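Written out below as structure tokens is the structure these notes cover.
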Amino acid sequence: MAVGPPTGGSGNPPPHPAPPVQPHPILAPSPLFALPTLNFTASQVATVCETLEESGDIERLARFLWSLPVAHPNVTELDRSEAVLRARAIVAYHTGHFR
């Protein structure tokens, strides 16, 4: 009797188990590809809002407000700025997003 690897019922060797599937690690974005962030002061944001409001370019005003970071360093100051509040109200009115 010959000694060799065990065989399955059909004379073929049993299949080797598949290697375990390793999940791909989640990679953090490289700082080289990170989008630049602009840090405006609350006064600068208010001035830009006033200028865009006076120009009548509501679409551009909306894009500017949308581009402000959610975690702006001066978020409480922005929330109290009359120019910023007025700009948000104008954009909301023109886009129909108001109550």
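All of these numbers come straight from a predicted model, not from anything done at the bench.
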Requested in this report: Using side-chain hydrogen bond (donor to acceptor under 3.5 Å, both in side chains) as the criterion, list what pairs up with Arg63, not counting sequence neighbours.
Outcome: Glu59

Requested in this report: Could I get the full list of side-chain hydrogen bond (donor to acceptor under 3.5 Å, both in side chains) partners for Gln44, not counting sequence neighbours?
Outcome: Thr41

Requested in this report: With sequence neighbours excluded, tell me which residues meet side-chain contact (heavy atoms from CB on, under 4.5 Å) with Leu85.
Outcome: Arg88

Query raised in the report: Sequence neighbours excluded, which residues qualify as side-chain contact (heavy atoms from CB on, under 4.5 Å) partners of Ala42?
Result: Asn74, Glu77, Leu78

Requested in this report: Check whether any side-chain heavy atom of Leu52 lies under 4.5 Å from a side-chain heavy atom of Phe64, and answer yes or no.
Outcome: yes

Requested in this report: Please name all residues satisfying side-chain hydrogen bond (donor to acceptor under 3.5 Å, both in side chains) with Thr95, sequence neighbours left out, ordered by chain then number.
Outcome: His97

Query raised in the report: What are the two closest non-hydrogen atoms of Ala62 and Val91, and how far apart are they?
Result: CB-CG1, 3.6 Å

Query - Point-to-point distance, once rounded to the nearest 0.5 Å, from CD of Glu54 to CG of Leu61 - result: 11.5 Å

**Report entry** Check: Ser81 and Val45 side chains under 4.5 Å, non-hydrogen atoms
**Finding:** no

Requested in this report: Return the set of residues passing salt bridge (Lys or Arg N to Asp or Glu O under 4.0 Å) with Glu82 (not counting sequence neighbours), or none when no residue passes.
Outcome: Arg86

Requested in this report: To the nearest 0.5 Å, tell me how far Arg80 CZ sits from Thr76 OG1.
Outcome: 5.0 Å

**Report entry** By side-chain hydrogen bond (donor to acceptor under 3.5 Å, both in side chains) - contacts of Asp57 (at least two apart)
**Finding:** none

Query raised in the report: Of all heavy-atom pairs between Leu65 and Cys49, which one has the smallest distance, and what is that distance?
Result: CD2-SG, 3.8 Å

